[in-house]
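The structure appears right after this line, and notes come after that.
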There are 2 protein chains.
Amino acid sequence: MSVEQIESFVAVAESGGLRDAARRLHITLPPLSRRIRALEDELGTELFERRARGMALTPAGHTFLPHARGILAAIALAARSVAADPPAT
Amino acid sequence: MSVEQIESFVAVAESGGLRDAARRLHITLPPLSRRIRALEDELGTELFERRARGMALTPAGHTFLPHARGILAAIALAARSVAADPPAT
DNA sequence: TCAAATTACGGTCGACGTAAGGATC
DNA sequence: GATCCTTACGTCGACCGTAATTTGA
C-alpha cells in the first residue's frame with residue numbers, strides 16, 4: 001500500500017469517478033484505474049462499485065475512507081512536526 | 001514520502017544503524033542509505049547523526065519517530081478494517 | 001587498519017501515457 | 001451513440017545490488 005494509492009482512493013471517493021479524480025491528481029485515467037485496482041487487490045476487497053456514471057463506494061470503501069483520510073493527515077502532521085520551526089517572530 | 005521510507009526510518013532508529021536495519025528489511029545497505037537520505041531531503045531536516053559506530057537520532061528524529069510509528073500502525077489498522085471479516089465461528 | 005556509511009554504475013522492473021477496446025445507459 | 005472505465009503496448013525513470021570510495025576511531 002503506497003501513499004499514492006491512498007491519495008488516489010480518497011480523490012476518487014470524493015470525485016465520484018476516475019475522470020475528475022485524475023484531473024485533480026494530474027495524471028491520466030489508466031494509471032489511476034490501475035492504482036485503485038491494485039489497492040483493491042492488496043486489500044482483497046472491492047472498494048468501489050463500477051457504475052455507468054462513475055464509481056460508488058462499497059461498504060468496505062465507506063469503512064476504509066476515514067482510515068485513508070487519517071493516514072494522509074498523519075503524514076502531513078508528521079512532516080510539519082519536523083519542519084523548520086520558525087521561532088515566534 | 002513513501003511507506004518504505006517510513007518503515008526504513010523506524011528500522012534504522014530501532015537498530016541503531018544501517019547494517020542491522022538492512023538485514024531486518026531484507027535489502028542491502030546502499031538502497032537503505034538512499035531511502036533515509038531521500039526522506040531527510042524531503043523533510044528538509046537531518047533525522048540521524050552519522051557516527052562512527054552507527055546512526056543516532058537527532059532531535060528532529062526523536063520528534064519524528066512516534067509519528068512514523070503511528071502512521072505505520074494506522075496503515076495496518078486500515079488494512080485490517082476491510083479485511084475479510086470471518087464471521088465468529 | 002577496521003567497521004560502517006556513501007557514491008558510482010549498470011541492469012531490471014514498475015509506472016506512466018497514448019491508443020484501442022469493452023460496457024452500460 | 002455517448003460516456004466512462006479498462007486493457008494493450010511501448011518507453012522511460014526509479015530502485016535495487018555489486019563494487020569501489022570515503023570517513024572516522
Side-chain angles (χ1 to χ4, degrees), chain A residues 1-62 64-65 68 71-72 75 79 82, chain B residues 1-62 64-65 68 71-72 75 79 82:
Chain A
M1 178 156 29
S2 73
V3 176
E4 282 78 10
Q5 282 172 337
I6 300 171
E7 288 170 340
S8 298
F9 167 76
V10 172
V12 173
E14 292 180 348
S15 301
L18 295 183
R19 187 184 152 83
D20 292 348
R23 288 216 180 98
R24 176 170 151 183
L25 295 169
H26 303 103
I27 62 171
T28 56
L29 273 165
L32 180 54
S33 176
R34 289 187 292 252
R35 284 186 192 177
I36 299 296
R37 182 71 71 188
L39 179 59
E40 291 174 324
D41 286 351
E42 181 176 341
L43 293 174
T45 315
E46 302 257 312
L47 299 172
F48 292 101
E49 190 182 335
R50 274 72 174 173
R51 294 185 172 165
R53 287 287 158 186
M55 323 252 295
L57 287 169
T58 60
H62 276 289
F64 193 70
L65 183 55
I71 292 164
L72 296 181
I75 290 172
V82 297
Chain B
M1 178 155 31
S2 73
V3 177
E4 281 79 9
Q5 281 173 338
I6 299 171
E7 288 170 340
S8 299
F9 167 76
V10 172
V12 173
E14 292 180 348
S15 301
L18 295 182
R19 188 183 152 82
D20 291 348
R23 287 216 181 97
R24 174 170 154 183
L25 295 169
H26 303 105
I27 62 172
T28 55
L29 272 163
L32 180 55
S33 175
R34 289 187 291 254
R35 284 185 192 177
I36 299 295
R37 181 70 71 187
L39 179 59
E40 291 175 323
D41 286 351
E42 182 176 341
L43 293 173
T45 314
E46 301 258 313
L47 298 172
F48 293 100
E49 188 182 336
R50 274 74 174 170
R51 294 185 172 164
R53 289 286 159 185
M55 322 249 301
L57 287 168
T58 60
H62 276 289
F64 192 70
L65 183 55
I71 292 163
L72 297 181
I75 290 172
V82 297

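Here is how names work: the chains are called A, B, and so on, in the same order as the sequence lines, proteins then strands, and each is numbered from 1.
Between the P atom of D/dT22 and the CZ atom of B/R37 lies a distance of 16 Å, rounded to the nearest Å. Following rounding to the nearest Å, A/F48 (CZ) and D/dC4 (C1') show an atom-to-atom distance of 15 Å. A/R23 places its CZ atom 13 Å from the C1' atom of D/dT3, with the value rounded to the nearest Å. Rounded to whole Å, the distance from CG on A/D20 to P on D/dT3 is 14 Å.
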Taking distance alone, no hydrogens or angles, what donor-acceptor pairs closer than 3.5 Å link side-chain atoms of residues 48-55 of chain B to residues at least two apart or in another chain?
| residue | atom | partner | partner atom | Å |
| --- | --- | --- | --- | --- |
| B/R50 | NH1 | B/E40 | OE1 | 3.2 |
| B/R50 | NH1 | B/E40 | OE2 | 2.9 |
| B/R50 | NH1 | B/F48 | O | 3.1 |
| B/R50 | NH2 | B/E40 | OE1 | 2.9 |

Extract all donor-acceptor atom pairs below 3.5 Å that involve side chains of residues 18-37 of chain A and protein atoms in other chains or at least two apart in sequence.
| residue | atom | partner | partner atom | Å |
| --- | --- | --- | --- | --- |
| A/R24 | NH1 | A/E14 | OE1 | 3.0 |
| A/R24 | NH2 | A/E14 | OE1 | 2.6 |
| A/R35 | NH1 | A/S8 | OG | 2.9 |

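What you find for B/I75 and A/M1 is that their closest heavy atoms are CG2-CE, 3.4 Å. The two atoms that bring B/L65 and B/A13 nearest to each other are CD1-CB, 4.1 Å, heavy atoms only. Nearest heavy atoms, B/A68 versus B/F9: CB-CD2, 3.9 Å.
Relative to the side chain of B/A52, the nucleotides D/dC4, D/dA8, D/dG24 differ in distance, and D/dG24 lies closest.
Taking the side-chain hydrogen bond (donor to acceptor under 3.5 Å, both in side chains) definition, one finds that A/Q5 meets it with nothing, sequence neighbours left out.
One axis for each end of the helix from C/dT1-D/dA25 to C/dC25-D/dG1, each built from five base pairs, and the angle between them comes to 30° at 10° resolution.
For D/dT6, one of the phosphate oxygens OP1 or OP2 lies less than 4.0 angstrom from a side-chain nitrogen or oxygen of A/R50.
Listed by residue number, there are no residues of residues 53-62 of chain A with a heavy-atom contact under 4.0 Å to DNA chain C. Near DNA chain D, defined here as any heavy-atom distance below 4.0 Å, the residues from residues 10-18 of chain A are A/G17, A/L18, listed numerically.
At distances below 3.5 Å, not a single donor-acceptor pair connects side-chain atoms of B/T45 with backbone N or O atoms of B/A60.
Of all nucleotides in DNA chain C having an atom under 4.0 Å from a heavy atom of chain A, the first and last in 5' to 3' order are C/dC16 to C/dC25.
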Pick out the pairs of N or O atoms, protein on one side and nucleotides 9-16 of chain D on the other, that lie under 3.5 Å.
| residue | atom | partner | partner atom | Å |
| --- | --- | --- | --- | --- |
| D/dC16 | OP1 | B/R35 | NE | 3.0 |
| D/dC16 | OP1 | B/R35 | NH2 | 2.6 |

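Taking CZ from B/F64 and OG1 from B/T58, the interatomic distance works out to 11.0 Å, rounded to the nearest 0.5 Å.
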